[in-house]
Enquirer: 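Quick one: the structure is below, and I'll ask about it shortly.
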2 protein chains.
Amino acid sequence: MANLEIRPAEMQVLIDDQRAGLTVREFQIFWVLAERQDRVVTREEIYRLIWDGRLPRRNRSVDVFVRKVRVKLEKLAPEWSYIHTHFGIGYRFSPEPGGDQSSASSAASSNGNLNS
Amino acid sequence: MANLEIRPAEMQVLIDDQRAGLTVREFQIFWVLAERQDRVVTREEIYRLIWDGRLPRRNRSVDVFVRKVRVKLEKLAPEWSYIHTHFGIGYRFSPEPGGDQSSASSAASSNGNLNS
DNA sequence: ACAGGCTTTCACCAACTCTTCACCAACGCC
DNA sequence: GGCGTTGGTGAAGAGTTGGTGAAAGCCTGT
């Protein structure tokens with residue numbers, strides 16, 4: 001099983017002791033979601049928390065960074081999926097085994113380790 | 001017994017910790033009824049609250065979404081029924097054990113009493 | 001000014017949802 | 001039972017939202 005370690009103070013994410021190498025923005029996205037594990041966070045809220053302001057129509061920043069984070073996490077743990085999409089709503093952070101079920105349904109258990 | 005959890009802010013419905021996976025519209029229908037638990041809500045009102053406007057004759061949107069919600073809830077709790085039909089009137093949300101009793105009949109007689 | 005890395009935006013395409021239609025079953029009334 | 005009305009159900013097309021690759025814009029240090 002993949003061991004996830006998060007160090008907010010250093011903006012570092014490690015999986016099995018390997019650094020994910022997230023950039024600042026990428027980590028912010030990751031952290032906003034990870035802090036709210038198992039909860040669905042709307043794009044509006046994510047945007048507001050990171051960029052301070054209302055999410056402009058058709059702004060795709062959040063999606064783009066979610067993807068970048070996904071790519072880096074997947075590189076370290078191909079058999080796990082961390083960020084799940086809730087169509088029309090937002091994203092949810094929940095470490096789950098299995099490539100990616102893409103989301104909306106599925107169970108809700110898991111235990112990530114939020115070290116601080 | 002089935003444990004029902006509703007998170008309006010996330011538009012999520014969980015039964016025994018399993019996500020129902022409702023879409024935005026589906027959740028809206030669910031929420032309009034759940035907020036008014038044990039009350040019969042007319043199609044007209046449901047439509048007005050979600051679509052803003054008068055329910056066009058022969059518009060079946062409400063029925064279709066009620067079904068979609070029922071299917072998803074039933075998947076998680078086959079032994080429970082949540083949304084009950086009141087023929088000629090509308091729908092009522094009340095979690096009840098038992099697959100489906102298809103509910104109270106209640107007539108829409110001229111001296112009928114309309115709860116408000 | 002230039003190079004390298006990070007952020008933001010753009011455009012195209014895939015996936016999903018919403019809405020409507022058609023047909024059938026259930027109900028209420030005679 | 002027979003008939004007209006209302007609700008259940010499955011499916012399909014249109015419209016919306018998200019995934020993705022890449023270009024353009026910014027910053028910082030050299």
Side-chain angles (χ1 to χ4, degrees), chain A residues 11 19-30 32-33 40-44 46-47 50-75 81-92 99-106, chain B residues 11 19-30 32-33 40-44 46-47 50-53 55-75 81-92 99-110 112:
Chain A
M11 296 206 283
R19 288 177 196 283
L22 301 184
T23 66
V24 175
R25 275 277 183 283
E26 289 165 2
F27 183 82
Q28 289 178 314
I29 288 281
F30 176 88
V32 162
L33 293 172
V40 178
V41 187
T42 64
R43 282 192 176 61
E44 287 69 22
I46 296 172
Y47 190 88
I50 297 178
W51 280 271
D52 297 310
R54 290 174 199 286
L55 176 61
R57 305 299 169 189
R58 88 174 78 83
N59 181 304
R60 307 294 306 286
S61 303
V62 174
D63 305 71
V64 172
F65 277 99
V66 163
R67 165 164 166 66
K68 291 181 178 183
V69 173
R70 278 174 167 163
V71 168
K72 291 187 178 178
L73 296 182
E74 189 173 3
K75 198 173 202 171
S81 54
Y82 296 92
I83 299 178
H84 308 273
T85 304
H86 284 260
F87 210 96
I89 307 175
Y91 296 98
R92 169 176 54 92
D100 183 6
Q101 303 304 352
S102 147
S103 79
S105 41
S106 77
Chain B
M11 297 206 277
R19 291 177 194 280
L22 301 184
T23 66
V24 175
R25 274 275 183 287
E26 288 164 2
F27 182 82
Q28 289 177 316
I29 288 280
F30 176 90
V32 162
L33 294 172
V40 178
V41 186
T42 64
R43 282 191 176 63
E44 287 69 22
I46 297 172
Y47 190 88
I50 297 178
W51 281 269
D52 291 315
L55 176 60
R57 304 298 170 188
R58 91 174 80 83
N59 181 304
R60 307 295 307 287
S61 301
V62 174
D63 304 72
V64 172
F65 278 100
V66 163
R67 165 164 165 65
K68 290 181 179 181
V69 173
R70 279 174 167 163
V71 168
K72 291 187 179 179
L73 295 182
E74 189 174 4
K75 197 174 203 171
S81 53
Y82 296 92
I83 299 177
H84 308 274
T85 304
H86 283 258
F87 206 94
I89 308 176
Y91 296 98
R92 170 177 53 90
D100 182 11
Q101 304 303 346
S102 84
S103 87
S105 32
S106 82
S109 57
S110 39

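Just so it is clear: chains get the letters A, B, ... in the order the sequence lines come, proteins before strands, and each one is counted from 1. As a basis for the values below, the full set of heavy atoms in this structure was taken, side chains included, without hydrogen atoms, waters or symmetry mates. Please read all numbers here as calculations on a predicted model, not as lab measurements.
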Enquirer: Counting only side-chain nitrogens and oxygens, does Trp51(B) get under 4.0 Å of the OP1 or OP2 atom of dC18(C)?
Expert: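 Checking Trp51(B) against dC18(C): no side-chain N or O falls below 4.0 Å of OP1 or OP2.
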
Enquirer: May I ask you to verify if any side-chain N or O of Ser61(A) is less than 4.0 angstrom from the OP1 or OP2 atom of dT7(C)?
Expert: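 Checking dT7(C) against Ser61(A), no side-chain N or O comes under 4.0 Å of OP1 or OP2.
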
Enquirer: Using a heavy-atom cut-off of 4.0 Å across all strands, would you classify Val64(B) as base, sugar-phosphate, or nothing?
Expert: base

Enquirer: Report yes if a side-chain nitrogen or oxygen of Asn59(B) is closer than 4.0 Å to either non-bridging phosphate oxygen (OP1 or OP2) of dT20(C); otherwise report no.
Expert: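 The answer is yes; a side-chain N or O of Asn59(B) sits under 4.0 Å from OP1 or OP2.
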
Enquirer: To the nearest Å, give me how far apart CD1 (Ile29(A)) and P (dG18(D)) are.
Expert: 14 Å

Enquirer: Calculate the interatomic distance between Glu74(B) atom CD and dG8(D) atom C1'; express it in whole Å.
Expert: 13 Å

Enquirer: Within the structure shown, what part of the strands sits under 4.0 Å from Val24(A) by heavy-atom distance: base, sugar-phosphate, or nothing?
Expert: sugar-phosphate

Enquirer: Could you state the atom-to-atom distance from CZ of Arg57(B) to P of dT5(D) in whole Å?
Expert: 13 Å

Enquirer: Just to confirm, is there a sub-4.0 Å distance from OP1 or OP2 of dC21(C) to any side-chain nitrogen or oxygen of Arg58(B)?
Expert: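 No, no such contact exists.
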
Enquirer: Of all the choices, dG8(D), dT7(C), dG19(D), which nucleotide is nearest to the side chain of Thr85(B) once you look at every atom?
Expert: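 Of the options given, the side chain of Thr85(B) lies nearest dG8(D).
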
Enquirer: Would you please confirm or rule out a distance under 4.0 Å between OP1 or OP2 of dT7(C) and any side-chain N or O of Thr23(A)?
Expert: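 Yes, Thr23(A) has a side-chain N/O under 4.0 Å of OP1/OP2 on dT7(C).
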
Enquirer: Are the side chains of Glu44(A) and Arg54(A) in touch, meaning some heavy atoms are under 4.5 Å apart?
Expert: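 Result no, sub-4.5 Å side-chain heavy-atom pair not found.
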
Enquirer: Between P on dC16(C) and NE2 on His84(A), what's the gap in Å once rounded to a whole number?
Expert: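 It is 15 Å, rounded to the nearest whole Å.
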
Enquirer: Would Lys72(A) and Glu26(A) pass as an ion pair if we require N to O under 4.0 Å?
Expert: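 Between Glu26(A) and Lys72(A) there is a salt bridge, with a charged N closer than 4.0 Å to a carboxylate O.
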
Enquirer: Starting the side chain at C-beta, find the nucleotide from dA15(C), dG7(D), dG19(D) nearest to Phe87(A).
Expert: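 Taking heavy atoms from C-beta onward, the closest nucleotide is dA15(C).
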
Enquirer: Restricting to salt bridge (Lys or Arg N to Asp or Glu O under 4.0 Å), what partner residues turn up for Arg60(A), sequence neighbours left out?
Expert: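 Arg60(A) satisfies salt bridge (Lys or Arg N to Asp or Glu O under 4.0 Å) with Asp63(A) only.
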
Enquirer: Scan Arg43(A) against the nucleic acid and name what it touches under 4.0 Å (heavy atoms): base, sugar-phosphate only, or nothing.
Expert: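 Sugar-phosphate, backbone atoms only, no base.
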
Enquirer: Do Trp51(B) and Val62(B) touch side chain to side chain, with heavy atoms closer than 4.5 Å?
Expert: yes

Enquirer: In whole angstrom, what separates Phe27(B)'s CZ from dC18(C)'s P?
Expert: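 Spelled out: CZ on Phe27(B) to P on dC18(C) is 13 Å.
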
Enquirer: For the pair made of CD1 in Ile50(A) and P in dC6(C), what is the distance, rounded to whole Å?
Expert: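 In whole Å, dC6(C) P and Ile50(A) CD1 are 17 Å from each other.
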
Enquirer: What is the distance from CG of Leu55(A) to P of dG18(D), rounded to the nearest Å?
Expert: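 Checked: the CG to P distance equals 10 Å.
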
Enquirer: Report the distance from atom OH of Tyr91(B) to atom C1' of dA26(C), rounded to the nearest whole Å.
Expert: 12 Å

Enquirer: Does the side chain of Ile50(A) reach to within under 4.5 Å of the side chain of Ile46(A), using non-hydrogen atoms?
Expert: yes

Enquirer: If you assign each of Arg60(B) and Lys68(B) to its closest nucleotide in DNA chain C, which residue comes earlier from the 5' end?
Expert: Lys68(B)

Enquirer: Report the residue (Val71(A) or Asp63(A)) whose heavy-atom-nearest nucleotide on DNA chain D is the more 5′ of the two.
Expert: Asp63(A)

